[in-house]
Amino acid sequence: MDPVFILMVALFVFMIIGSLIAVETRDLLSSVICLGAVGFGTSVAFLLLGAPDLAITQVVVEILVLVVLVRVVITRRDETAATGRGTLATGSVLLVMGVLVAVVFWMLASSGAGGLQVRPFGDPLMNHEGPASAMAPADQPQLAAGQAAEPQSIGGAYLKHGLLGTAVSHGTGAANYVMGIVLDSRGYDTLGEATVIFTAIIGTYAVLRRIGRQSHAGHVADR
Amino acid sequence: MQGMSLIVKNTTRLVAGFIALFGIYIVLYGHVSPGGGFAGGCILAGALVLIVLAFGEEYSRRVLPHGIAKTSDCLGALAFLLVAIAGYMAGGFFVNFLDRGEACTLFSAGTVPISNLAIGVKVGAGLFSVFLALAMFRRSGERGAGGLLSPRSAAHNGDES
């Protein structure tokens, strides 16, 4: 069997156990540490699956989040009392919902009679062979003998033209294809993400600011 | 926030510069090797958070004044938007208008490294500001309890709850 597959299964078991402990333990510090273990497991999983960009980001964000959680959240005294969770009821509801989602997905994905012909799992739209590739050179030359044909899918076009970066081709010229796609071919995505982060930071300031918090609404300051 | 023990301070003195250097490398070479603006910015923020934890909040004001952190957060976001708008010089939003250069070198890929730089500054300063805001909020909330607690007593508190 593929050793990477065995490693992945071991990692997933480790992560599931870690998240179960993080949910079930009473101690907040243990919970946060188990959360960190799950995060690092995710990072190693990204690395094994061949996504080093995501692995680096995951490690760094995990460390920052752990520091913030340990330093900021945990030291506040936890006044909440533990109550019964009703494990059987929650588990059965989750099981029913899972079965429902699986059945709906199977019905949608099946391309038989009555199926809606959603693309099957693991075969995304980027592999779809369209009529023409969006990134092909503007003046499409006729194919010479022995020249490879234009790729007919978006993913193939990214791979073929990504490194070219001439004025004719629409490639990015970035050796790191992921960054070329994220910051050039699909820059709108990244602009949206940056806007989300910016809004989150501004919102944090607005909630946590000291200036102006006590001047109006005294009941807020007393709390 | 008065910082931690002498061992932590000395180790931080040794390490913090290299962490920041690694973050800058990740940002600058994001279009050549794995990494990019977001990851590098997070590493930069991690170096600053390390300084805050080890030396205290007052010392960190000398390294990076908090007003500058907020300003560079906004300036990074604006710079990224400007790079996108500058694409109109070549015909449209987010068009790569610079020369692509030779692949696999530092000065290649047109606007991609500039966007990486803007995002790196934005994310690094922004996450550092968020950490500062949370830490200051906690201090103002627990002023009666003797200011900031060390991680040791933090673990103790966790046990009590």
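Because the structure is a prediction, the values reported are computed rather than measured. Each chain gets a letter, A, B and so on, in the order its sequence line appears, and its residues count up from 1.
At least one side-chain heavy atom of B:Leu75 sits less than 4.5 Å from a side-chain heavy atom of B:Thr71. Looking only at side-chain heavy atoms (C-beta outward), A:Glu193 and B:Ile119 stay at 4.5 Å or farther from each other.
Residue A:Leu35 holds its CG atom at 12.0 Å from OG of A:Ser30, rounded to the nearest 0.5 Å. Going from atom CG of B:Leu78 over to atom CD1 of B:Ile85 covers 9.0 Å, rounded to the nearest 0.5 Å.
In this structure, chain B has a heavy atom under 4.5 Å from the side chain of A:Leu64, while its backbone stays farther away. Residue B:Ile43 touches chain A through both its backbone and its side chain, counting heavy-atom pairs closer than 4.5 Å. With a 4.5 Å cut-off on non-hydrogen atoms, B:Val112 touches chain A through its backbone and its side chain both. Heavy atoms closer than 4.5 Å to chain A are found in both the backbone and the side chain of B:Ser129. Neither the backbone nor the side chain of B:Leu50 has a heavy atom closer than 4.5 Å to any heavy atom of chain A.
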Run the numbers on B:Lys122 and A:Ile197 for side chain to side chain contact (heavy atoms under 4.5 Å, CB included), then give the verdict. CA-CA 9 Å; B:Lys122 189 216 133 17; A:Ile197 298 173; 4.2 Å; yes

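When B:Gly30, B:Gly46, B:Gly36 are compared by the number of non-hydrogen pairs under 4.5 Å with chain A, B:Gly30 comes out ahead. Heavy-atom pairs under 4.5 Å with chain A were tallied for B:Val49, B:Ile26, B:Asp73; the largest tally goes to B:Asp73. Among the candidates A:Ile202, A:Leu54, A:Thr57, the residue making the largest number of heavy-atom pairs closer than 4.5 Å to chain B is A:Thr57. In terms of heavy-atom pairs under 4.5 angstrom with chain B, the leader among A:Val61, A:Val178, A:Thr190 is A:Thr190. Of the residues considered (B:Gly76, B:Cys74, B:Gly37), B:Cys74 shows the highest number of contacts with chain A, using heavy-atom pairs under 4.5 Å.
With a 6.0 Å radius and a threshold of 12 heavy atoms from other residues, nucleotides or ligands, A:Phe40 has its CZ atom above the threshold. Annotation for A:Phe46: atom CZ counts as buried by contact number, over 12 foreign heavy atoms lying within 6.0 Å.
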